[in-house]
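One structure is given below, encoded as structure tokens.
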Amino acid sequence: MSREARFRLFNTLTGAVEPVIPREPKHLRMYGCGPTVYSYAHIGNFRSFLTADLILRTAQALGWKTTYVSNITDVGHLSTDDTIDPSGEDRMARALRSKEGERFPNVWDLARYYTDAFLQDWDALGLLEPDVRPRAIEHVRELIQAIEELVAAQLAYETSLGVYFSVPGFADYGKLSGNEKASLLRNAARDVVVDTEKRDPRDFALWKKDPHHLMQWHSPWGWGFPGWHIECSVMAQIYLGDEIDLHTGGEDLIFPHHECEIAQAESLTGKPFARHWAHTRFLQVEGRKMSKRFGNFLRVRDLLGSHAAQEKNLALRMALISGQYRKPYNFTRATLRDAGVHIGRFKRARDIIQNATDSQHSGRDNLCDLLRNTYRHALHAMADDLNTPVAIAAALSGTKSILENGYDLSAAAARSAKTFLDQIDALLGVIPQSPAATAEPGESQAASAVGGNGIDVKAVERLIGERRKARARKDYARADALRDEILALGVELHDTPSGPKWRPKTTL
RNA sequence: GGUGACGUGGCCGAGUGGUUAGGCAGAGGCCUGCAAAGCCUUGUACGGCGGUUCGAAUCCGCCCGUCACCUCCA
């Protein structure tokens, strides 16, 4: 077994960094808690999904097979308190009444709309597709069955408001979050109405009776809708089996959501639900908690470029993974700009490689060993609790070695360089495609979507032509004036050995 | 109040009992008609106070600060 085959991750369950040991060797079965689609996703949501993405990529880079399930929560996520009692309102229903939600005729349309928006963000940020992306509303039958089983096993009971999981019947409750005692819940400040029929303050809702709810199904307990926690544990078990290898989510999900998942799943099967739990810390924006109140609430789509702006999207991805997932991370405008610079560097390496591979330069391959070691270093860092900062440093260091060669790169070295970038891309997902695969600004932009940025491509090219003539006759005053005009059109111009090139002005 | 995490140079962020993280910004240089872009070189550091140690930014204690969960949030 090579030394990279060891993949270590912090395990919330044990509080230690431990090797990830799939039940079936080299086959990782992973469940990642997905979004509740009541609004557009923000960058914090995606920091968490990116952690799962990087785990997958690292496992695959180690040669493992992966089965990844990530859900969409489109019903049942209560907006107030689903730990104590089911009197909370469903998030989806509340969203429909909000200002943003007014335009939707019903909650089903709202769910569909934000699900689609979420998938667009997912795609733009280059996350790997899950093998299954189950939706809660498509699994209500299985949810009801699971609740029935729990009731039959005396692990759940019905009240006039709903069906509760009975926490005292599950001895391991609290093993994930440390919130073991009912008294802790009682001590916490609460102003919610407690269902007096509840037998233990920790009991949580599996089913909420609500004949007026906008999304409701018929059940043995009448009309209503399922609780949030039961959705994830049931869907995970449907697609991944009773015992899964790894379960991920944001740190806020440790309690109550994941604690409750464990209680339900393990009560049903008598087996350990997930062997390993990985939680992503919340990020901060400009040094403070992300909040609408502070004006630093950033939705993914606000930061994405147009559909053609691959580099800008990768910059956002890069910025979001440039801190280790388990440490507080401060997302700033400057970070995003820096990430854009790095993406540009990867892009230039791609350009150089493209050139060299096509050339007949028959020099020796001076990069092979160096880049192989650099990649190994990056992979090793990722396998060590997802140390993205070190992995990114390695990616940049290898890229620097490629760029040092400039256009003197031999065809053989270019092949090594291409292998390196492809490997890094598979691992981190931050390397732009080679120019052949995308339109290259400055060369064939007339046909590309650069015009979609609001840039008048024809005008730019006409001005560049004029400037070229002015420079040829050494009329530099005129040439500089033309350059200013071009800049005013939102384009930056670079004179290169192979002639002037332009690209949309970077405004990160 | 309970529990946990973190505090690194102008900024972002690794690491670690003695040996360069990396990046951005700054400075110098190469290139350029001038620029820009690019490339090369480069300075500054480990919250405070004690303790352990030959040696601590790294371990321990206390203090200060920030953040998180316990209550909707990824």
Side-chain angles (χ1 to χ4, degrees), chain A residues 12 15 32-36 38-39 41-52 77-84 88-89 91 94 177-181 183-192 228 248-257 259 279-284 287-291 318-320 322-342 344-345 348 352 377 381 384 387-397 400 403-406 470-471 474-477 479-480 483-484 487 492-497 500-503 506:
Chain A
T12 309
C33 275
T36 301
Y38 63 97
S39 181
H42 59 251
I43 60 175
N45 297 121
F46 268 90
R47 164 139 137 122
S48 175
F49 304 140
L50 281 164
T51 298
H77 191 163
L78 301 179
S79 63
T80 52
D81 187 350
D82 48 354
T83 307
I84 295 291
E89 183 183 15
R91 298 189 72 90
R94 189 173 64 169
S177 64
N179 295 332
E180 296 177 1
K181 297 187 180 131
S183 60
L184 283 177
L185 282 175
R186 286 203 198 90
N187 292 346
R190 287 170 191 282
D191 53 13
V192 295
W228 176 37
T248 66
E251 61 172 331
D252 57 311
L253 298 184
I254 296 170
F255 187 89
H257 187 52
E259 194 70 73
H279 293 99
T280 305
R281 279 209 69 158
F282 277 9
L283 54 70
Q284 292 179 261
R288 346 179 44 169
K289 177 175 176 157
M290 184 165 71
S291 155
M318 178 88 148
L320 287 174
S322 61
Q324 203 247 8
Y325 77 102
R326 211 153 58 73
K327 286 203 170 178
Y329 177 69
N330 185 12
F331 182 94
T332 64
R333 231 54 201 188
T335 315
L336 184 56
R337 193 196 57 229
D338 295 353
V341 172
H342 295 147
R345 192 164 299 170
R348 281 193 300 285
I352 284 179
H377 187 59
D384 181 18
N387 194 334
T388 44
V390 167
I392 288 170
L396 288 170
S397 152
K400 190 170 173 180
L403 292 171
E404 276 170 3
N405 283 265
R471 292 183 71 207
K474 297 199 191 302
D475 182 357
Y476 294 122
D480 290 350
R483 183 164 57 200
D484 289 343
L487 193 62
E492 51 185 53
L493 191 65
H494 313 298
D495 292 327
T496 74
K501 291 201 175 192
W502 67 271
R503 65 183 181 199
T506 316

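A note on names: the letters A, B, ... follow the listed sequences, proteins ahead of strands, and every chain is numbered from 1. These numbers come from a predicted model, not from an experiment.
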*asked:* What verdict does the side chain to side chain contact (heavy atoms under 4.5 Å, CB included) test give for A/L403 and A/I352, after you've listed the backbone C-alpha separation in whole Å, the side-chain angles of each residue and the deciding distance to 0.1 Å?
replied: CA-CA 8 Å; A/L403 292 171; A/I352 284 179; 3.6 Å; yes
*Going through the distances and angles, do A/L50 and A/Y325 end up as a side chain to side chain contact (heavy atoms under 4.5 Å, CB included)?*
CA-CA 9 Å; A/L50 281 164; A/Y325 77 102; over 6 Å; no
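The base of B/A35 sits within donor-acceptor range of the side chain of A/D495, with an N or O pair under 3.5 Å. No N or O donor and acceptor, one from the side chain of A/R348 and one from the base of B/C39, sit under 3.5 Å apart.
Comparing B/C6, B/G23, B/C69 against the side chain of A/D252 picks out B/C69 as the nearest. With distances taken from any side-chain atom of A/P389 to the nucleotides B/A21, B/C70, B/C6, the minimum falls on B/A21. Considering only side-chain atoms of A/L396, the nucleotide from B/G22, B/C12, B/A74 that sits closest is B/G22. Of the candidate nucleotides B/A21, B/A74, B/G23, B/A74 has the atom nearest to the side chain of A/Y38. Listed candidates were B/A74, B/G23, B/A21. Nearest to the side chain of A/N45 is B/A74. Of all nucleotides listed (B/G33, B/A21, B/A74), B/A74 comes nearest to the side chain of A/H42. Proximity note for A/E251 (side chain, C-beta onward) versus B/A37, B/A68, B/A74: the nearest is B/A68. Across B/C69, B/A74, B/U41, the shortest atom-to-atom separation from the side chain of A/K400 is found for B/U41.
Atoms NE2 (A/H279) and C1' (B/G4) sit 14 Å apart, rounded to a whole Å. Distance CG (A/L320) to C1' (B/C12): 14 Å, rounded to an integer number of Å. One can place CD of A/Q324 at 17 Å from C1' of B/G23, the figure rounded to the nearest angstrom. Atom CG of A/L403 and atom P of B/G23 are 12 Å apart (whole Å). Remark: C1' of B/C12 and CG of A/D338 are 7 Å apart, rounded to the nearest angstrom. Between the C1' atom of B/G7 and the CD atom of A/Q284 lies a distance of 12 Å, rounded to the nearest Å. If you measure from atom OH of A/Y325 to atom P of B/G13, you get 17 Å, rounded to the nearest angstrom. One atom, CZ of A/R345, and another, P of B/G38, lie 7 Å apart when rounded to the nearest Å.
Applying the 4.0 Å criterion to OP1 and OP2 of B/C12, one finds that A/N330 has a side-chain N or O inside that range.
B/G43 and B/G28: their P atoms are spaced 15 Å apart (whole Å). Across the P atoms, B/A21 and B/A14 are found 15 Å apart, a figure rounded to whole Å. Nucleotides B/A56 and B/G47 have their C1' atoms positioned 15 Å apart, rounded to a whole Å. Comparing the P positions of B/U58 and B/U19 gives a spacing of 13 Å, expressed to the nearest Å. Across the C1' atoms, B/C46 and B/G15 are found 11 Å apart, a figure rounded to whole Å. Rounded to the nearest Å, the gap between the C1' atom of B/G13 and that of B/A45 is 13 Å. Taking atom P on both nucleotides, B/U8 is separated from B/C49 by 16 Å, rounded to a whole Å. The separation of B/C60 from B/U53, taken at their C1' atoms, amounts to 12 Å, rounded to a whole angstrom.
Residue A/G44 comes nearest to A/L283 through the heavy atom pair CA-CG, 4.2 Å, listed as atom of the first residue, atom of the second, then distance. Minimum interatomic distance between A/A319 and A/A339 (heavy atoms only, all atoms of both residues): N-CB, 3.8 Å. Between A/L253 and A/C33, the shortest heavy-atom distance links the atoms CD1-CB, 3.6 Å.
Using a 4.0 Å heavy-atom cutoff across all strands shown, A/K474 reaches no nucleic acid atom at all. Residue-level contact check: A/N387 touches the backbone only, with heavy atoms under 4.0 Å from sugar-phosphate atoms and none from bases. Among the heavy atoms of the strands, none lies under 4.0 Å from A/I43. Nucleic acid contact for A/H342: sugar-phosphate only, since backbone atoms but no base atoms lie under 4.0 Å from a heavy atom of the residue. The residue A/T335 sits close only to the backbone: its heavy atoms come under 4.0 Å of sugar-phosphate atoms, none of a base. Counting any heavy atom pair closer than 4.0 Å across all strands shown, A/R281 reaches a base atom. At a threshold of 4.0 angstrom between heavy atoms, the contacts of A/R471 include nucleobase atoms, whether or not backbone atoms are also involved. Looking at heavy-atom distances under 4.0 Å, A/G44 makes contact with a base.
Considering A/R47, A/Q324, A/R281 as possible partners of A/Y329, the one that fulfils the side chain to side chain contact (heavy atoms under 4.5 Å, CB included) test is A/R47.
Inspection of the A/S48 and A/T51 side chains reveals no N or O donor paired with an N or O acceptor under 3.5 Å.
A stacked arrangement is not assigned to A/Y329 and the six-membered base ring of B/G13, the conditions of a centre distance below 5.5 Å and an interplanar angle below 30° not being jointly met.
Residues A/C33 and A/K327 each lie close to RNA chain B; by heavy-atom proximity, the contact nearer the 5' end of the strand is made by A/K327. Nearest-nucleotide assignment on RNA chain B puts the 5′-proximal partner with A/S177, out of A/S177 and A/Y476.
A heavy-atom distance below 4.5 Å is not found between the side chains of A/T280 and A/F49. A/P35 is not listed as a side-chain neighbour of A/N45, based on a closest heavy-atom distance of 4.5 Å or more.
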*Please, what dot-bracket string fits RNA chain B when only Watson-Crick and G-U pairs with both distances under 3.5 Å count, crossing ones use [ ] and pairs to another strand use |?*
(((((((..(((.....[...))).(((((.......)))))....(((((..]....))))))))))))....
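Between the side chain of A/T388 and the backbone N or O of A/S322, no donor-acceptor pair lies under 3.5 Å.
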